[in-house]
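Every number for a ligand or one of its atoms is a count from 1 in the order of the listing.
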Amino acid sequence: MSDTVQVLAEPSPFPLIAGKTALIVIDMQRDFLLPGGFGESLGNDVGQLLAVVPPLQALIEAARAAGILVIHTREGHEPDLSDCPPAKLNRGAPSKRIGDPGKYGRILIRGEYGHDIIDELAPVDGEIVIDKPGKGAFYATGLHGILADAGITQLLMTGVTTEVCVHTTTREANDRGYECLVVSDCVGSYFPDFQKIGLEMIAAQGGIFGWVADSATVIPALEALGDQR
Ligand code: TIU
């Protein structure tokens, strides 16, 4: 019996391979999704991101059921800000910048309520959570080593925001040799235009950064993979 299921994706079928596939859930944190957090302090309409939650919840459940490795990331910084360069610190409205007090504790600081993942998508016991100081999940983290040790070559990319942390992480993954499928309704942007173009940029040029498919296509493929176990 084959250990591979082909997902009908743009620009071509994506091989979902048992034991070699991981689901990456990027930065589904209160600071980006809830009013009063970091995302809103940058002037964004955070309501745009909430549509991602139900399909991503279903996708995570399907991945768990299929025995796929699920890895969550969180963007944030040490309380002394030693890992936050001025080029990043100086973004957003003064008094509402990284490290400043916000509605959910100090903005984007590890250990604060706002820095953690929303309740609906909370990791379960044993799932890996990567704390990252940058937009990309490979920069200054152990993610590449964890994936290499687990024999992972195929990544399902989800989370927020499409054109910032999802794109940066997908590009980093691409340069490290991973094949990435971005799940279109499980990534979200504050800007509808960026969502559309950001997804097009992944699959353009024959899949220059990877593949794109929606959760209604990926979930049955995960179920088929799980049935083969
Ligand atoms: N501002 C924005 O769109 N995103 C971020 O700052 N971080 C992530 O995308 N996680």
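Atom 5 (C) of ligand 1 has F32 CE2, 3.5 Å as its closest protein atom, hydrogens excluded (heavy atom only). Here the heavy atom of the protein found nearest to atom 1 (N) of ligand 1 is L42 CD1, 3.7 Å. With hydrogens left out, the protein atom closest to atom 6 (O) of ligand 1 is K135 NZ, 3.1 Å, a heavy atom. Residue, atom and distance of the protein heavy atom nearest to atom 8 (C) of ligand 1 are C165 SG, 2.6 Å. Residue, atom and distance of the protein heavy atom nearest to atom 7 (N) of ligand 1 are E75 OE1, 2.8 Å.
Residue D27 approaches ligand 1 through these ligand atoms, each under 4.0 Å from one of its heavy atoms: 8 (C), 10 (N). Taking every non-hydrogen atom of V160 and a distance limit under 4.0 Å, the qualifying atoms of ligand 1 come out as 8 (C), 9 (O), 10 (N).
Between the side chains of Q57 and E120, no donor-acceptor pair is found at a separation under 3.5 Å.
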Quiz item: Going through the checks in order, is the ring pair (Phe, Tyr, Trp, His ring centres under 6.0 Å) test met by H144 and Y178?
Solution: CA-CA 10 Å; H144 188 35; Y178 297 96; 5.5 Å; yes
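Under 4.0 angstrom from ligand 1, the non-hydrogen atoms of T161 come from both its backbone and its side chain.
A heavy-atom distance below 4.5 Å is not found between the side chains of Q48 and S189. Contact of the L59 side chain with the L23 side chain is registered, since non-hydrogen atoms from C-beta on lie closer than 4.5 Å. By the 4.5 Å heavy-atom criterion applied to side chains, Y104 and E112 are not counted as neighbours.
Of all the heavy atoms in V129 and P123, the pair that sits closest is CG2-CG, 3.8 Å.
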